[in-house]
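Inspection log for the structure reproduced underneath, given as structure tokens.
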There are 2 protein chains.
Amino acid sequence: MAKPERSDGTVGKALEILDAVASKGRPVRFSELLAESPLPKATLYRLLQTLTNQGLLAYDAELHTYTLGLRLVRLAHQAWKQSSLAPIARPHIDRLAARTGETIHLAQMDQGQVLYVDKRNAAQPIEMFAQAGKVGPGYCTGIGKAIMAFLEPAAREAAIARQAFLRHTPNTITDPQTLAAELERIRAEGVAFDREEHEPGIICIASPILSGGAPGGRVIGGVSITTSTARRSLEELAALRPDLEETARAIGADAAHWQFPA
Amino acid sequence: MAKPERSDGTVGKALEILDAVASKGRPVRFSELLAESPLPKATLYRLLQTLTNQGLLAYDAELHTYTLGLRLVRLAHQAWKQSSLAPIARPHIDRLAARTGETIHLAQMDQGQVLYVDKRNAAQPIEMFAQAGKVGPGYCTGIGKAIMAFLEPAAREAAIARQAFLRHTPNTITDPQTLAAELERIRAEGVAFDREEHEPGIICIASPILSGGAPGGRVIGGVSITTSTARRSLEELAALRPDLEETARAIGADAAHWQFPA
DNA sequence: CGGTGAGTTCCATATAATGAAACTCGTTTT
DNA sequence: AAAACGAGTTTCATTATATGGAACTCACCG
């Protein structure tokens, strides 16, 4: 059969439902989910019941709506502690934030997207989960490009293929070929820049984090320094390169014996 | 049959595995999981494969270990935004933190435990997920007692029954009867105190958050002000009660049309 | 060189998921 | 007020899926 078979049985279906609820970003009614789901009414219904009584979804009996459940928050806390670079990288990015006075992002790749796992915000107060767990596009962020550039060729191709290539600004890369060429340049150069490709006025310099902190190591994430054109020029940002690279190297070295997330 | 039947089919089993991995807090080998699981080898194996290729677990091919996957972090970000009180409560707890200069916790009840969904730390820098997603015992924290005190009688009994009653300090409540009496007092009084019941030297005052911000509303969470005996006495802490209650009331009012997590 | 144990695959069987259809209940239409 | 409707829920025979005992592979150990 020519079927890709991506379903993974019941668990896969349950996850699709969670994603569907997550993607709405607001309480969802049964009928909305039904309309978008290939599953028949009864099946969807029972799956929702299961998810609800497992605490992965929460059901509001008055409004007849589902939202993601708090049990996910608990699990994620553990996941973040044990599978993300954040705990290891914390002292390093704290130092970088203090030294540069700019916003620092720490991210890993998850399913073709950039998943931010930690952040230091120069001035502003904290924002907790509002920051970690956020995802961004890989093709138009510095950190996304930095990570993709250092993936194995096969994985890189796969990642490129998953990008949406939506134009966000005049500088956004909107096709696979241009992106591939840009990644080539980044791999040669060692760092990636976001030249207002995602948001006008926002620029960044990003470095991949290589396992072991040495060239040749597997890429396990990325760090970036973000600023606005109002605060610094691209050249001034480029001047922070040594600090950024030293931070990335140090994180990579500390994480040498880390496992890689798919 | 006298069977409680808590399993929920395949999805339930998959969740149990996730919990098992989570509870270890470190990379786990297949055989460790097998030893603790009632599932036969083959079943556990295939379930792990499913979870891994769904991104809920990450597998390290070199070390043959599993850890929680980053996909959970993504989902949790959404869950936190749409199902927790945190986004709604943020301005209120920011204000309370600024006014009191003490550490503020915002929590909700999840399966008998206190789940912290946000935190403001007086002095120290941020710690992101390291804070939100954390769980604590319900029977020996101010916020846990405050929430439990205002649950419906049936839910309160159920919550009491789920407590571990481990002695953490000389002041810890270690039996259901004492806890029930304490909750009675808290319900009459309106606020709960943690008198070094969980950690020596740490005290707190906590208020339930009632839906609508008015007495009679369903309890949807709690806020607390925590300090150490070195900084303030219980009496001084009690003096912050008006600020605390006003904050809880305001959050409850803003959340009036919120759904309740099971 | 044979043994041991972790991890993986096989396959007949049992179990759990499925989905068409019927039902309930609250709301809208006539 | 009755009828029609639509969202949500339940039923049950059927089917697809998960199951788990056992056999296999492979690396390491004695």
Side-chain angles (χ1 to χ4, degrees), chain A residues 1-21 24 26-69 257 259-260 262, chain B residues 1-21 24 26-69 257 259-260 262:
Chain A
M1 302 295 162
K3 267 198 176 178
E5 285 303 345
R6 276 233 142 274
S7 65
D8 270 321
T10 313
V11 175
K13 285 168 207 157
L15 265 289
E16 274 173 42
I17 295 177
L18 281 187
D19 278 340
V21 175
K24 291 294 177 183
R26 57 172 173 73
V28 207
R29 291 188 95 93
F30 175 82
S31 50
E32 291 184 75
L33 291 169
L34 181 60
E36 299 170 18
S37 169
L39 303 171
K41 228 202 296 202
T43 301
L44 178 62
Y45 178 70
R46 274 172 297 106
L47 229 18
L48 284 171
Q49 298 227 114
T50 299
L51 291 170
T52 301
N53 77 69
Q54 289 295 335
L56 298 185
L57 289 178
Y59 180 66
D60 183 319
E62 293 175 27
L63 300 165
H64 301 276
T65 55
Y66 294 89
T67 51
L68 295 177
H257 304 297
Q259 68 143 92
F260 66 103
Chain B
M1 302 296 162
K3 269 198 177 178
E5 287 302 347
R6 277 232 142 272
S7 64
D8 271 320
T10 313
V11 175
K13 285 168 209 157
L15 264 289
E16 273 173 40
I17 295 177
L18 281 186
D19 277 340
V21 176
K24 291 293 173 184
R26 57 173 172 74
V28 207
R29 290 187 97 87
F30 175 81
S31 50
E32 291 186 74
L33 291 170
L34 180 60
E36 300 171 16
S37 168
L39 304 171
K41 229 205 287 205
T43 302
L44 178 62
Y45 177 70
R46 275 171 296 106
L47 229 18
L48 284 171
Q49 297 224 115
T50 301
L51 291 170
T52 301
N53 78 68
Q54 289 295 333
L56 298 186
L57 289 178
Y59 180 65
D60 182 319
E62 292 175 29
L63 299 165
H64 301 276
T65 55
Y66 294 90
T67 51
L68 294 178
H257 303 301
Q259 69 142 88
F260 66 104

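We use all heavy atoms of the structure for the numbers below, so side chains are in, but hydrogens, waters and symmetry mates are not. Given the structure is predicted, the values throughout are model-derived calculations rather than measurements.
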Distance in Å, [X] [atom1] paired with [Y] [atom2], rounded so as to fall on 0.5 Å steps:
{"X": "A:Glu16", "Y": "B:Gln54", "atom1": "CD", "atom2": "CD", "result": "7.5 Å"}
{"X": "A:Lys24", "Y": "A:Asp19", "atom1": "NZ", "atom2": "CG", "result": "13.0 Å"}
{"X": "B:Asp8", "Y": "A:Arg46", "atom1": "CG", "atom2": "CZ", "result": "12.0 Å"}
{"X": "A:Thr50", "Y": "B:Leu15", "atom1": "OG1", "atom2": "CG", "result": "10.0 Å"}
{"X": "B:Thr52", "Y": "B:Leu47", "atom1": "OG1", "atom2": "CG", "result": "10.0 Å"}

Find the distance [X]:[atom1] to [N]:[atom2] and express it as a whole number of Å.
{"X": "B:His64", "N": "D:dC26", "atom1": "NE2", "atom2": "P", "answer": "14 Å"}
{"X": "A:Lys13", "N": "D:dA16", "atom1": "NZ", "atom2": "P", "answer": "11 Å"}
{"X": "A:Tyr45", "N": "C:dA17", "atom1": "OH", "atom2": "C1'", "answer": "16 Å"}
{"X": "B:Gln49", "N": "D:dT17", "atom1": "CD", "atom2": "P", "answer": "17 Å"}
{"X": "B:Asp8", "N": "D:dA18", "atom1": "CG", "atom2": "P", "answer": "16 Å"}
{"X": "B:Tyr66", "N": "C:dA6", "atom1": "OH", "atom2": "C1'", "answer": "12 Å"}
{"X": "B:Asp60", "N": "C:dG7", "atom1": "CG", "atom2": "C1'", "answer": "15 Å"}
{"X": "A:Leu47", "N": "D:dT9", "atom1": "CG", "atom2": "P", "answer": "14 Å"}

Any idea how A:Tyr59 and A:Tyr66 line up, ring-wise: parallel (<30°), tilted (30 to 60°), or perpendicular (>60°)?
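The arrangement is tilted - the two ring planes meet at 30° to 60°.
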Might you point out which heavy atoms bring B:Val11 and A:Ala14 nearest each other, and give the distance in Å?
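Taking every non-hydrogen atom into account, CG2-CB, 3.9 Å.
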Determine the minimum heavy-atom distance between B:Leu34 and B:Leu39, stating which atoms define it.
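Closest approach of B:Leu34 to B:Leu39, heavy atoms only: CD1-O, 3.7 Å.
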Does some side-chain heavy atom of A:Val21 sit less than 4.5 Å from a side-chain heavy atom of A:Leu51?
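Not touching, per the 4.5 Å side-chain cut-off.
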One would report the end-axis bend of the helix from C:dC1-D:dG30 to C:dT30-D:dA1, five pairs per end and rounded to 10 degrees, as 20°
Among residues 29-42 of chain B, which residues get a heavy atom nearer than 4.0 Å to DNA chain D?
B:Pro40, B:Ala42
Does B:Thr43 put a side-chain nitrogen or oxygen below 4.0 Å from OP1 or OP2 of D:dG20?
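Yes.
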N/O (side chain, B:Thr10) to phosphate O (OP1/OP2, C:dA17) under 4.0 Å:
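It does, given that an N or O in the side chain of B:Thr10 lies less than 4.0 Å from OP1 or OP2 of C:dA17.
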Measure from the side chain of B:Arg46, starting at C-beta and using heavy atoms only, and say which of C:dG19, D:dG8, D:dG20 lies closest.
D:dG20
